[in-house]
Amino acid sequence: MNESMTTLEMADPSIASCRIAVLIPCYNEEATVGATVAAFRNALPTATTYVYDNNSSDRTIEVARTAGAVVRQEYRQGKGQVVRRMFADIDADIYVLVDGDATYDAGAAKGMIDRALRERLDFVNGARMSEAVAAYRRGHRLGNYVLSNLVQYIFGRQFTDMLSGYKIFSRRFVKSFPAMSRGFEIETELTVHALELRMPCGEEETAYGERPTGSTSKLNTYRDGARILMLIAALVKNERPLPFFGLLGIGIILVAVIMAIPLAETYLETGLVPRFPTAFLDVGLAIIGVLSLFVGLILDMVTTMRHEMKRLAYLAIPPIGSGHE
């Protein structure tokens with residue numbers, strides 16, 4: 001056993017006795033993946049570091065393997081595809097998910113893991129703290145602020161930096177997570193999964209630096225922001241069907257009522273309904289609105305049962321730290 005491992009076990013035997021997996025999804029990160037792997041191997045010497053390559057056209061695989069990572073490949077393009085494969089393939093007690101761009105502080109991982117074990121948290125989010133404009137561009141800051149606050153408003157106020165790529169998970173979070181997203185919107189799905197199952201979660205501020213020279217971001221502010229908005233809308237529909245379809249139904253009924261007011265006034269004055277197409281449209285809209293309300297009620301019952309099944313699957317897995325007391 002090397003000296004650094006002995007020091008870690010003496011300092012914190014609970015962490016040293018855990019099976020820790022560092023998961024690094026990569027796409028064309030030749031310039032940064034080596035430094036990322038080295039930093040996390042130094043910070044967590046007892047952990048196994050996995051790099052999953054996602055069809056890179058540069059030397060990402062070679063550099064990661066040379067740095068000491070276990071390298072695997074996922075050929076379906078997209079970060080969500082890679083995370084789904086990682087979660088399915090790897091068995092551990094603690095999972096550290098981090099981007100391979102060398103912008104996150106590896107030294108913060110031990111503190112985040114320690115908090116997860118101490119407080120038995122299933123999810124610890126690394127909230128990015130940086131004053132460097134090049135590290136965290138204004139467009140990304142604004143988009144992250146808007147999207148994070150939108151999710152907080154709909155699903156619960158617990159995370160300030162939903163789109164951070166630095167997260168700690170327990171085994172039962174990972175093995176109960178369905179992972180339906182394909183791209184960068186996976187961070188939103190991870191957050192909503194934790195909030196919907198009311199998992200014990202926390203957030204830690206972590207330093208966030210600039211990308212090294214020669215490394216470029218794969219994130220497109222507008223395209224990926226639109227995808228995240230679409231995912232949030234889909235999650236609201238799936239996880240909050242009664243408010244979604246209920247508000248839609250009420251809105252349609254209100255439109256029908258507003259359109260019917262002139263018809264009602266004419267009927268009261270003359271006893272005639274001269275605009276039959278409008279009358280038929282009003283009746284159709286009212287029926288659609290009522291049906292939307294009933295759809296929301298039915299889907300709300302289905303969603304409740306689905307949440308119960310997901311919760312039972314989550315509870316079937318031992319909690320974090322249960323084998324290290």
Side-chain angles (χ1 to χ4, degrees), residues 1-26 29 32-53 60-61 63-72 82-83 85-126 164-177 190 199-209 317-325:
M1 184 178 294
N2 60 43
E3 183 178 350
S4 59
M5 188 180 300
T6 303
T7 302
L8 180 62
E9 288 179 349
M10 291 174 61
D12 197 336
S14 62
I15 290 180
S17 60
C18 284
R19 295 174 301 159
I20 302 174
V22 179
L23 310 182
I24 307 176
C26 282
E29 296 289 7
T32 58
V33 67
T36 303
V37 171
F40 277 90
R41 291 191 71 198
N42 182 63
L44 300 170
T46 61
T48 302
T49 303
Y50 297 88
V51 169
Y52 272 63
D53 180 72
T60 295
I61 293 176
V63 172
R65 190 171 283 129
T66 301
V70 177
V71 180
R72 297 175 181 174
V82 180
V83 171
R85 179 69 180 274
M86 287 175 159
F87 284 4
D89 286 356
I90 298 170
D91 194 36
D93 299 313
I94 300 288
Y95 298 78
V96 181
L97 178 66
V98 65
D99 293 337
D101 55 11
T103 57
Y104 292 97
D105 178 20
K110 183 179 180 296
M112 293 167 71
I113 294 172
D114 181 64
R115 182 181 175 188
L117 289 170
R118 186 177 65 252
E119 299 180 19
R120 295 202 171 196
L121 304 178
D122 289 306
F123 180 16
V124 179
N125 187 57
S164 169
Y166 196 5
K167 304 179 190 296
I168 307 294
F169 304 108
S170 69
R171 184 176 184 275
R172 67 176 180 176
F173 180 104
V174 166
K175 298 306 179 182
S176 67
F177 179 61
L190 288 164
M199 295 181 183
C201 303
E203 188 170 66
E204 290 284 319
E205 293 184 352
T206 60
Y208 185 67
I317 302 170
I320 188 170
S322 60
H324 312 287
E325 297 180 350

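- The shortest distance between side-chain heavy atoms of N125 and L190 does not fall below 4.5 Å.
- Taking CZ of R172 as the start and CZ of F123 as the end, the distance is 15.0 Å to the nearest 0.5 Å.
- Side chain of T48 to main chain of A21: no donor-acceptor pair is present (N/O by atom type, distance under 3.5 Å, no hydrogens or angles).
- Among all heavy-atom pairs drawn from F40 and A109, the shortest one is CE2-CB, 4.1 Å.
- Remark: side-chain polar atoms of Y166 are not paired, donor with acceptor, to backbone N or O of Y208 under 3.5 angstrom.
- Rounded to the nearest 0.5 angstrom, S170 OG and L121 CG are separated by 9.0 Å.
- Checked by atom type and distance alone, the side chain of Y104 never pairs as donor or acceptor with a backbone atom of T36 at under 3.5 Å.
- For the residue pair D89 / Y50, no side-chain donor-acceptor distance below 3.5 Å is found, with atom types taken as modelled.
- Formation of a donor-acceptor pair under 3.5 Å by the Y95 side chain with backbone atoms of I90 is found in this model.
- Inter-residue side-chain proximity for L44 and I113 is flagged as met; some heavy-atom pair is nearer than 4.5 Å.
- M199 approaches S176 most closely through the heavy-atom pair CE-OG, 3.9 Å.
- For T60 (side chain) and E29 (main-chain N/O), a donor-acceptor pair under 3.5 Å exists by modelled atom type.
- Between P200 and E119 there is no side-chain heavy-atom pair separated by less than 4.5 Å.
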task: Could you give me the CA-CA distance, side-chain angles and deciding distance for F87 and F169, then say whether side-chain contact (heavy atoms from CB on, under 4.5 Å) is met?
output: CA-CA 10 Å; F87 284 4; F169 304 108; 3.9 Å; yes
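- Using a 4.5 Å heavy-atom cutoff, the side chains of R115 and I168 are not in contact.
- Heavy atoms only, all atoms of each residue included: L97 and M86 are closest at CD1-SD, 4.4 Å.
- In this structure, the separation between CD on E204 and CG on D105 is 12.0 Å, given to the nearest 0.5 Å.
- Shown are V51, T32, V37; of these, the side-chain contact (heavy atoms from CB on, under 4.5 Å) with C26 is made only by V51.
- For the atom pair D91 CG and R19 CZ, the distance stands at 4.5 Å (nearest 0.5 Å).
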message: Evaluate V82 against L23 for side-chain contact (heavy atoms from CB on, under 4.5 Å), listing each step before the verdict.
response: CA-CA 10 Å; V82 180; L23 310 182; over 6 Å; no
message: Show, in sequence, the C-alpha distance, side-chain angles and deciding distance for R171 and D93, and conclude whether the salt bridge (charged side-chain N to carboxylate O under 4.0 Å, His left out) test is met.
response: CA-CA 5 Å; R171 184 176 184 275; D93 299 313; 5.8 Å; no
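- Crowding of R41 atom CZ: a count of heavy atoms from other residues, nucleotides or ligands under 6.0 Å not exceeding 12.
- To the nearest 0.5 Å, atom CE of residue M112 and atom CD1 of residue I94 are 11.0 Å apart.
- For G126 against T206, the heavy-atom pair with the smallest separation is C-OG1, 3.9 Å.
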